[in-house]
Amino acid sequence: MSAPAPRVRFAPSPTGYLHVGGLRTALYNYLFARGLGGRVILRIEDTDRTRFVEGAAENLASTLAWAGIAFDEGPGIGGDFGPYVQSERSEIYSAHAQQLLNEGKAYRCFCTPEELEASREKQVAEKRDPAYDRRCRALSEADVQSRMDNGMPFTIRMKVPLVGQMYFHDLVRGEITMHFDSIDDQVLIKSDGFPTYHLANVVDDHLMEITHVIRGEEWLPSAPKHHLLYDFFGWEAPAFAHLPLLLNADRTKLSKRQGDVAVEDYRSKGYLPAALVNFVALLGWNPGDDRELFTLAELEKTFSLERVSKAGAVFDIEKLNWFNAQYLRALPPAELAEVCGPWMRAAGFEAETPARAEAVVSAFASYLTVPSDIGAHLRFLTLGQVTLESAEDRDLVASSDSQKVLVRFADLAETQDPWATPEVKALIKQVQSDTGIKGKGLFMPLRLALSAEQHGPDLGLMAELLGREETVRRIRAQII
RNA sequence: GGCGCGUUCGUCUAGCGGCUAGGACGUGGCCCUCUCAAGGCCAAAACACGGGUUCGAUUCCCGUACGCGCUACCA
């Protein structure tokens, strides 16, 4: 017998960009479900109208799609359990809250935000634990009725048992114990009629037949409330897995101000989705062997919740860079030219043909961490004239040996045809045997003459990229 | 403060009672080589601390310390 195919969901709130931590949560949900032939649902949790950002949901969807994470159900995708946007499900939450009210498992609270705030401050001042004092829990039916008749706004709170404790299982952390006396009477429906996360996520997960809730560790403290709600409704709770947090270098929760946290930031810098996904997959999970390079499809086959670790993981940009460099180098020339295109043009380099762009970009593939790195390497191609910056370089080129090399090379190159790396290499060999100069003394004057740089890729390749005419022109320009 | 969770090289991690504690990034060195990058090889680098349990603890249990998270009519 096998368990039914899982149904999981990624449920971001549309408050802006997609956080890399969110990407990892989405990824783990996706990998877990895909590996078991299950379904992945995207649900937008927009019950906080004060934090709503126009277009954020669409941005979330397109960023997720860029990363290669596809959903089976969700806004704009469809499915049998919609709508998938919580703001469109208000009646559902109200009805469920009403049910709890009828069954005595929730109550109306008429305390105003100001009153609650004052109460909290007082508790803190008296060094007591800030918690709702439950004053409205004891209101008589008549009291409640008269306040409602007066049009007083109210919230609906859940009636958490006053004593006792509860246990629940977490797929990542094992058994967890929590005492009821440390759990507040959580607000389920806000005075604006919208549900809080706690009510909405429980109701939706049940109605959408979610089997596994895979979310960040920041939800662990409120998990007992959610379990309690499942009990209140008489529903079977899904399995829970709370993922370790992604951290800054100082081990605080990964945040802006200490580097880029938006997936969009990495996307716009040219990081490859495959590299970002591969890197992030290994932050809190490992395959159990020494492999590190995984495609999305391979991750789907290999991923398991059992191998998710418990401790937070520092987001190390250096390692991301290594992954990106690996993926960049593995790209076929055409694709590399494609991803580097914008930065090549920004550096003032326009390739006449696709083949030309590919040849140029391939020459520098091993130099790139991020596509934008290409710009610095292309400068020598766009140079109108080569100017040696340091006295050391000028002296080197002006030496009599160097001059001999330059003259001989230019003379031979003049009539060389065809002009490609092998021919140029043979030509340099010829210069060597004609002049008796070899090694650095042979190459450096040519290299400086062509690029004004002491470092760079294979000299023959550089000459090929420059073309015969330009090569000769640059060499001659350095002959005194 | 309270509650919860966590703790193996600088970082990501393997380890599920007996290992010279393994791999990767980064760092250093060597090789390759006209140079740089890439690549190959090598090196330095970790079990937070204290008690137990056990013939034997990185591993199991309990404390302590430290870190993080939560403590909203935000998610």
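Here is the naming used below: chain letters follow the sequence lines, and residue numbers restart at 1 for every chain.
In this structure, A:Leu331 places its CG atom 16 Å from C1' of B:rA38, rounding to the nearest Å. Put simply, CZ on A:Arg379 is 19 Å from P on B:rC36, counting in whole angstrom units. Here B:rG23 presents its P atom at 17 Å from CZ of A:Phe323, a figure rounded to the nearest Å. Atoms NZ (A:Lys310) and P (B:rU8) sit 12 Å apart, rounded to a whole Å.
The side chain of A:Arg447 sits closest to B:rC34 out of B:rA75, B:rC34, B:rG23. In this structure, the nucleotide among B:rC70, B:rC5, B:rG2 sitting nearest to the side chain of A:Ile176 is B:rC5. Checked against B:rA24, B:rC74, B:rG4, the side chain of A:Trp322 finds its nearest nucleotide in B:rA24. Minimum atom distance to the side chain of A:Arg173 is reached by B:rC5, of the listed B:rC74, B:rC5, B:rG1. For A:Met444, the side-chain atoms get nearest to B:rC34 when compared with the rest of B:rG1, B:rC34, B:rA75. For A:Met178, the listed nucleotide lying nearest its side chain is B:rC3; candidates were B:rC3, B:rC74, B:rC34. With B:rC73, B:rC68, B:rG2 as the candidates, the nucleotide lying closest to the side chain of A:Leu116 is B:rC73. Considering only side-chain atoms of A:Thr196, the nucleotide from B:rG4, B:rA75, B:rC25 that sits closest is B:rA75. Side-chain proximity of A:Lys190 to B:rA38, B:rC74, B:rC70: nearest is B:rC74.
A donor-acceptor pair shorter than 3.5 Å cannot be found between the side chains of A:Tyr266 and A:Asn324. A side-chain donor from one of A:Gln454 and A:Asp393 sits under 3.5 Å from a side-chain acceptor of the other. Donor-acceptor pairing under 3.5 Å is recorded for the side chains of A:Asp250 and A:Thr252. Checking A:Asn29 against A:Arg9 by side-chain atom types alone, no donor-acceptor pair falls below 3.5 Å. Under the 3.5 Å distance criterion, with hydrogens and angles disregarded, no donor-acceptor pair is assigned to the side chains of A:Thr369 and A:Asn321.
Counting any heavy atom pair closer than 4.0 Å across all strands shown, A:Cys111 reaches a base atom. If you check every strand for non-hydrogen atoms under 4.0 Å, A:Pro195 touches sugar and phosphate atoms only. When heavy atoms are screened at a 4.0 angstrom cut-off, A:Thr112 is found touching base atoms of the nucleic acid. In this structure, A:Gln326 reaches the sugar-phosphate backbone alone: every heavy-atom distance under 4.0 Å involves primed, P, OP1 or OP2 atoms, never a base. Using a 4.0 Å heavy-atom distance criterion, A:Thr50 is classed as making no nucleic acid contact. As judged by a 4.0 angstrom heavy-atom cut-off over every strand, A:Glu318 is placed among residues touching the sugar-phosphate backbone only. As judged by a 4.0 angstrom heavy-atom cut-off over every strand, A:Arg329 is placed among residues touching the sugar-phosphate backbone only.
Salt bridge annotation for A:Asp289-A:Arg291: absent, with no cationic side-chain nitrogen under 4.0 angstrom from a carboxylate oxygen. Between A:Lys301 and A:Glu298, none of the side-chain N atoms (NZ, or NE/NH1/NH2) sits under 4.0 Å from a carboxylate O, so this pair counts as no salt bridge.
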| task | Sugar-phosphate means primed atoms, P, OP1 and OP2; the rest is base. With that split, encode nucleotides 9-16 of chain B 5' to 3' as B, S or - using protein heavy atoms under 4.0 Å. | result | --SSSSS-
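Taking atom P on both nucleotides, B:rC49 is separated from B:rC32 by 44 Å, rounded to a whole Å. Taking atom C1' on both nucleotides, B:rU58 is separated from B:rC9 by 13 Å, rounded to a whole Å. Distance noted for atom P between B:rG26 and B:rG40: 12 Å (whole Å). Nucleotides B:rA21 and B:rG28, compared at atom P, are 27 Å apart to the nearest Å. Rounded to whole Å, the C1' atom of B:rG50 lies 27 Å from the corresponding atom of B:rA14. A gap of 35 Å separates the P atoms of B:rG63 and B:rA45, to the nearest Å. Spacing between B:rU64 and B:rG4 at atom P, rounded to whole Å, works out to 13 Å.
Residue-nucleotide stacking is present for A:Phe443 and B:rC34, judged by a side-chain ring centre under 5.5 Å from the six-membered base ring centre and planes under 30° apart.
Because its NZ or CZ atom is both nearer than 6.0 Å to the ring centre of A:Tyr132 and within 45° of the ring axis, A:Arg157 counts as a cation-pi partner of that residue.
Where A:Tyr197 and A:Arg120 each meet RNA chain B at their nearest nucleotide, the meeting point lying more 5' is that of A:Arg120. Closest-nucleotide positions on RNA chain B for A:Ser182 and A:Asp458 were compared, and the one nearer the 5' end corresponds to A:Ser182.
Against RNA chain B, the stretch residues 152-165 of chain A makes heavy-atom approaches under 4.0 Å through A:Thr155, A:Arg157. At a non-hydrogen distance threshold of 4.0 Å, A:Ser366, A:Tyr367 from residues 360-371 of chain A come into contact with RNA chain B.
Aromatic pair A:Phe194/A:Phe52: centroids not less than 6.0 angstrom apart. When ring centroids are compared, A:Tyr197 and A:His226 come within the 6.0 Å threshold.
For A:Thr196 against A:Lys190, the heavy-atom pair with the smallest separation is CG2-CG, 3.8 Å.
Tested against A:His242 for a side chain to side chain donor-acceptor pair (under 3.5 Å), the candidates A:Lys310, A:Arg215, A:Glu218, A:Arg173 yield a single pass: A:Arg215.
Using the six-membered ring where Trp is involved, A:Trp419 and A:Phe409 have ring planes that are perpendicular, over 60° apart on the 30 and 60° scheme. Ring geometry, A:Phe240 versus A:His227: the interplanar angle falls from 30° to 60°, so the pair is classed tilted.
Remark: A:Thr47 is not in phosphate contact with B:rC74, judged by side-chain N or O atoms under 4.0 Å from OP1 or OP2.
Between the side chain of A:Ser191 and the base of B:rC73, at least one donor-acceptor pair of N or O atoms lies under 3.5 Å.
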